[in-house]
Amino acid sequence: VAVGQSSRHVRVGDAAAELGYSVVHEEVQVDGVSVDMVIDTAGGRVAVEVDGFWHFTWDLDGGTPRPDGRTQLKRRLMEDGWGGYAGVVSVEAMDLDELRTVTE
């Protein structure tokens, strides 16, 4: 596992590679902000953010987790064209931990 990569991050990258995609891990933009990985697709380069539990906040009553402010801002910037990506995918830890296979 490289610096900045979690086991979930590696798992998502390995799954994409297993499906035949070219994957670049930890792409750093000119402004110094990094994207967890970029996957080359026929439609263009897709940014993938693997958001672990620390990217979320929970209500005190244990309600549904919500992305924290920093995570929301980064997602919004990428969706609005920052980085020039053809698409943006956020993989949340809560969803990823429920999956068992690549096809899920």
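Only this structure's heavy atoms are used, side chains among them; waters, hydrogens and symmetry mates stay out.
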Practice prompt. For L73, enumerate each residue passing the side chain to side chain contact (heavy atoms under 4.5 Å, CB included) test, keeping only those at least two apart in sequence or located in another chain.
Written response: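 For L73, the residues satisfying side chain to side chain contact (heavy atoms under 4.5 Å, CB included) (neighbours in sequence not counted) are L77.
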Discussion item. Can you pull out every salt bridge (charged side-chain N to carboxylate O under 4.0 Å, His left out) where at least one residue sits in residues 64-73? Sequence neighbours excluded, please.
Written reply: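 Residue pairs with at least one partner in residues 64-73: D59-R66.
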Worksheet item: Closest approach of A17 and V23, non-hydrogen atoms and distance?
Response: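 For A17 versus V23, the nearest heavy atoms are N-CG2, 4.1 Å.
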Identify all side-chain donor-acceptor contacts of residues 37-51 below 3.5 Å with residues at least two apart in sequence or on another chain.
{"unit_1": "T41", "atom_1": "OG1", "unit_2": "G43", "atom_2": "N", "d": "3.2"}
{"unit_1": "T41", "atom_1": "OG1", "unit_2": "G44", "atom_2": "N", "d": "3.3"}
{"unit_1": "T41", "atom_1": "OG1", "unit_2": "G44", "atom_2": "O", "d": "2.6"}
{"unit_1": "R45", "atom_1": "NH1", "unit_2": "E27", "atom_2": "OE1", "d": "3.4"}
{"unit_1": "R45", "atom_1": "NH2", "unit_2": "E27", "atom_2": "OE1", "d": "2.6"}
{"unit_1": "R45", "atom_1": "NH2", "unit_2": "E27", "atom_2": "OE2", "d": "2.6"}
{"unit_1": "E49", "atom_1": "OE1", "unit_2": "K74", "atom_2": "NZ", "d": "3.3"}
{"unit_1": "E49", "atom_1": "OE2", "unit_2": "D36", "atom_2": "N", "d": "2.9"}
{"unit_1": "D51", "atom_1": "OD2", "unit_2": "R75", "atom_2": "NE", "d": "3.4"}
{"unit_1": "D51", "atom_1": "OD2", "unit_2": "R75", "atom_2": "NH2", "d": "2.9"}

Worksheet item: So W82 and V35, side-chain contact (heavy atoms from CB on, under 4.5 Å) or not? Walk me through it.
Response: CA-CA 11 Å; W82 173 83; V35 175; 3.9 Å; yes
Practice prompt. Could you tell me the separation between the CE atom of M78 and the OG atom of S90, rounded to the nearest 0.5 Å?
Written response: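 So the CE of M78 and the OG of S90 are separated by 6.0 Å.
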